[in-house]
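These notes are about the structure you will find just below.
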Amino acid sequence: MRSLASICVVIGALIFTWYLGAFLLNSTWALDKVKRAGVEISSKELILDTWSQEKPKLPAPHQVGSELWKTTVEKKITSKRSLIFHSWITLSSTLVGFLIGTSLGILLAIGIVHNNAMNMSIMPWAIASQTIPILAIAPMIIVVLNSIGVQGLLPKAIISSYLCFFPVVVGMVKGLRSPDKIDKDLMHTYNATNFQKFWKLRLPTSMPFLFASLKVGISASLVGAIVGELPTGAVRGLGARLLAGSYYGQTIQIWSALIMAAILAAALVGILALLQKFTLNRMGMT
């Protein structure tokens, strides 16, 4: 009960701050309109005006909520004005990229842990790869793949996997190296093979680390999918909604797409959290 009250207080504070920010940022335009019209308005009218502008600098929470309702509940899922339709397009790229990035990250982590040459050569390159801004490399990937006839979902999935694989590599390497020395000595005493050590010791102990990195990876994968939609001039996906909103100054549309992306990310992380709880319970690790 106390935790629920704390959550409500935090949410209430955020909403209050949001409304206050909307008033402060939008009041300049409202006062300019009043000055040009040569009329006077009350404080209440000024506040209401800042929370109801068509193209505000910062839309009020109820404006974003109304836009979300219109573009989810009141629109057919197949409509190109439906946020659910655009979310599915982005989600498809996210899941494919997450699968590619996770698979690559786990394989690289296994190689790094079991092969010192890979540890000395690949790990520094994996770290260095993350210093390249994704906004710089995304157009390059799109152009190169388009030149060889690869279009659609795959280029966005590759950009998504680029952001996803690094946290998986780091988390999995840490997890595979986490067994205590006494446990490794016990496996050596049993004359276990490298595969048996991996399957019965290293892999089970790495699960908490893996799931922690997967939660980061799925969020990064979603960001990569959205970024991948920006340089292509896409007409579908949450990135396309953000792009269209920025072109026409539709800040309410931009914020509704951002909130939808946040909801999508929270849902994906929540699914992984449930999967983590189920897996670790079955393994007797909780």
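- For W88, the CH2 atom is loosely surrounded, since the number of other residues' heavy atoms within 6.0 Å does not exceed 12.
- Crowding of E74 atom CD: a count of heavy atoms from other residues, nucleotides or ligands under 6.0 Å exceeding 12.
- The heavy-atom pair separating F166 from I127 by the smallest distance is CE1-CA, 3.7 Å.
- Crowding of K70 atom NZ: a count of heavy atoms from other residues, nucleotides or ligands under 6.0 Å not exceeding 12.
- For the residue pair G171 and S213, the shortest heavy atom distance occurs at CA-CB, 4.0 Å.
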Check the pair E229 / T90 against side-chain contact (heavy atoms from CB on, under 4.5 Å), numbers first and verdict last.
CA-CA 8 Å; E229 292 168 347; T90 301; 3.0 Å; yes
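- At a cut-off of 3.5 Å, with distance as the only test, a side-chain donor of S160 or S221 sits close to an acceptor on the other residue.
- Atom CH2 of W18 has more than 12 heavy atoms from other residues, nucleotides or ligands within 6.0 Å.
- The environment of NZ in K197 is crowded: more than 12 heavy-atom neighbours from other residues, nucleotides or ligands sit within 6.0 Å.
- In the displayed structure, I77 atom CD1 is contacted under 6.0 Å by at most 12 heavy atoms of other residues, nucleotides or ligands.
- Taking the six-membered ring where the residue is Trp, F165 and Y162 present tilted rings, their angle falling between 30° and 60°.
- Between M172 and L203 the shortest heavy-atom distance is CE-CD1, 3.8 Å.
- Side chains of S52 and Q63: no donor on one and acceptor on the other come within 3.5 Å.
- The environment of R36 atom CZ is dense: over 12 non-hydrogen atoms of other residues, nucleotides or ligands sit within 6.0 angstrom.
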Would you mind writing out the side-chain donor-acceptor pairs for residues 181-188 within the sub-3.5 Å range, not counting sequence neighbours?
unit_1: K181; atom_1: NZ; unit_2: D185; atom_2: OD2; d: 3.2

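- Remark: R81 pairs with no residue by the side-chain hydrogen bond (donor to acceptor under 3.5 Å, both in side chains) rule, at least two apart or across chains.
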